[in-house]
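Single-structure report; data block below.
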Amino acid sequence: MSFEFIKVNPQYAKHIALIELNRPKELNALSRQVMLEIRDTLKALDEDDNVRVIILTGGEKVFAAGADIKQMADATAIDMLNIDQFSTWDQIKKTRKPIIAAVSGFALGGGCELAMTCDMIIATETAKFGQPEIKIGTMPGAGGTQRLTRAIGKVRAMEMVLTGKFISAEEALQYGLVNRIVPAELMMHETLGLAKQIAAQSPVAIKLAKEAVNQAFNSTLDEGLMFERKNFYLTFASEDQKEGMAAFVEKRTPEFKGK
Ligand code: DAK
């Protein structure tokens, strides 16, 4: 896979793919082209049976400083409507395999939203999160008001969205926005460690479990519990469940096949 603004390695490690944003001069600003490349890559990786976990990073210096302001500056509301960038963002949400964001440096505006659309976030000590759209006369448009609020609570999200202030990695950890903080030079090592733990599990159970966790944001407790139950039953239709439980009884490591 070869693109202009992202680097993709579908076999970064066994069953683990890597997407790296590669627009360094613009601090990985998410132009429409960048988002289309991410969309097409995620779709392809989601369909690739060899891939079980996807890592998305901007590298050690910056994750992404937001959507491309220069590209948006003169757009009308109808341009935005017609471009329909949401179909691109929806693809990220639709990806059934787990995506881990490895965030170093700025994750602002659309960059913060991109990280939050992923399933987990490993941050480095230099990571800074923010929704500064208010400072350029607009507001978050790719889920920032919703995902940030769910992740860190109303009053903190309100302050970030209304003032545009950035939060440090330390604050992000304390607020529950990120899974952990690691030194920048260990970012990929630590992220890979997490990815490997997930890639070693049953891909069927992983898919169903991810879907069930996400359901918690879209339903009442009873609806969510019912959804969870159905997915739980469904794991018992998989060879992986038989293999996982047999391996436990036989005191050996399971060999999951995603079937
Ligand atoms: N867009 C375009 N270029 C950007 C950029 C951005 N978001 N951020 C930085 N750059 C460019 C700068 O213009 C500069 O380019 P040159 O002047 O060298 O040509 C280069 O990157 C280096 O930036 P700085 O010189 O500013 O670097 P500093 O270290 O001094 O400052 C900074 C770093 C991150 C604090 C600063 O660059 C900054 O404030 N950047 C803008 C941050 C921001 O406001 N982000 C939010 C953008 S709005 C939607 C989906 C998503 C969105 C909306 C709708 N739909 C699905 C409809 C998202 C919107 C946004 O993210």
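Source: prediction; values computed, not measured. All ligand and atom numbering here is 1-based and tracks the order in the structure. Computed from heavy atoms alone, side chains included, the values below leave out hydrogens, waters and symmetry copies.
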So Gln85 and Met80, do their side chains get closer than 4.5 Å, heavy atoms only?
yes
Any protein heavy atom lying closer than 4.0 Å to atom 29 (O) of ligand 1?
no
Candidates Lys61, Lys70, Glu26; heavy atom nearest atom 12 (C) of ligand 1 found on Lys70
Nearest heavy atom to atom 50 (C) of ligand 1: which of Ala142, Gly144, Gly164 does it belong to?
Ala142
Below 4.0 Å, non-hydrogen atoms only: which portion of Leu30 touches ligand 1? Side chain, backbone, both or neither.
neither
To the nearest 0.5 Å, atom CD1 of Ile6 lies from atom OG1 of Thr41 at 3.5 Å
Looking only at protein heavy atoms, identify the closest one to atom 1 (N) of ligand 1 and say how far it is in Å.
Ile69 N, 2.9 Å
Taking every non-hydrogen atom, the tightest pair across Gly244 and Pro254:
CA-CB, 4.0 Å
Under 4.0 Å from any heavy atom of Leu108, which atoms of ligand 1 are there?
34 (C), 42 (C)
Close side-chain approach of Leu192 to Ile55, heavy-atom, < 4.5 Å
yes
Output yes when a protein non-hydrogen atom is found under 4.0 Å of atom 26 (O) of ligand 1, and no otherwise.
no
Which residue in the set Met160, Lys154, Arg156 passes side chain to side chain contact (heavy atoms under 4.5 Å, CB included) when paired with Leu148?
Met160
List ligand 1 atoms under 4.0 Å from Ala29, heavy atoms only on the residue side.
1 (N), 2 (C), 6 (C)
Set out, in order, the CA-CA distance, both residues' side-chain angles and the distance that settles side chain to side chain donor-acceptor pair (under 3.5 Å) for Gln33 and Glu37, then state yes or no.
CA-CA 6 Å; Gln33 181 63 25; Glu37 292 182 6; 3.1 Å; yes
Between Gly111 and Leu30, which heavy-atom pair has the shortest distance, and what is it?
N-CD1, 3.8 Å
Just to confirm, does any protein heavy atom lie below 4.0 Å from atom 47 (C) of ligand 1?
yes
Ligand 1 to Phe86, heavy atom cutoff 4.0 Å, flagged ligand atoms 55 (N), 56 (C), 57 (C)
Identity and distance of the protein heavy atom lying nearest atom 36 (C) of ligand 1:
Leu27 CD1, 4.7 Å
Nearest-0.5 Å distance that lies between atom CZ in Phe129 and atom CD1 in Ile152
10.5 Å
Within the 3.5 Å criterion, strictly below it, is a donor on Asp90 or Ser87 matched to an acceptor on the partner's side chain?
no
For Gly109, counting its heavy atoms only, list the atoms of ligand 1 lying under 4.0 Å from any of them.
46 (C), 61 (O)
Atom indices of ligand 1 within 4.0 angstrom of Gly110 heavy atoms, with elements
58 (C), 60 (C), 61 (O)
Establish whether atom 8 (N) of ligand 1 and some protein heavy atom are separated by less than 4.0 angstrom.
yes
Applying a heavy-atom cut-off of 4.0 Å, say which part of Ala65 lies close to ligand 1: side chain, backbone, both or neither.
both
Please identify which of these residues, Ile100, Ile122, Asp119, meets the side chain to side chain contact (heavy atoms under 4.5 Å, CB included) condition with Asn179.
Ile122
Is the NZ or CZ atom of Lys135 positioned over Phe166's six-membered ring, under 6.0 angstrom from the centre and within 45° of the axis?
yes
Short check: is a protein heavy atom less than 4.0 Å from atom 19 (O) of ligand 1?
yes
So Asn218 and Asn214, do their side chains get closer than 4.5 Å, heavy atoms only?
no
Could you check atom 59 (C) of ligand 1 against the protein and tell me its nearest heavy-atom contact, residue, atom and distance included?
Ala67 CB, 3.4 Å
With respect to atom 32 (C) of ligand 1, which of Phe166, Phe106, Trp89 exhibits the smallest heavy-atom separation?
Phe106
Looking only at heavy atoms of Lys25, does any of them come nearer than 4.0 Å to an atom of ligand 1?
yes
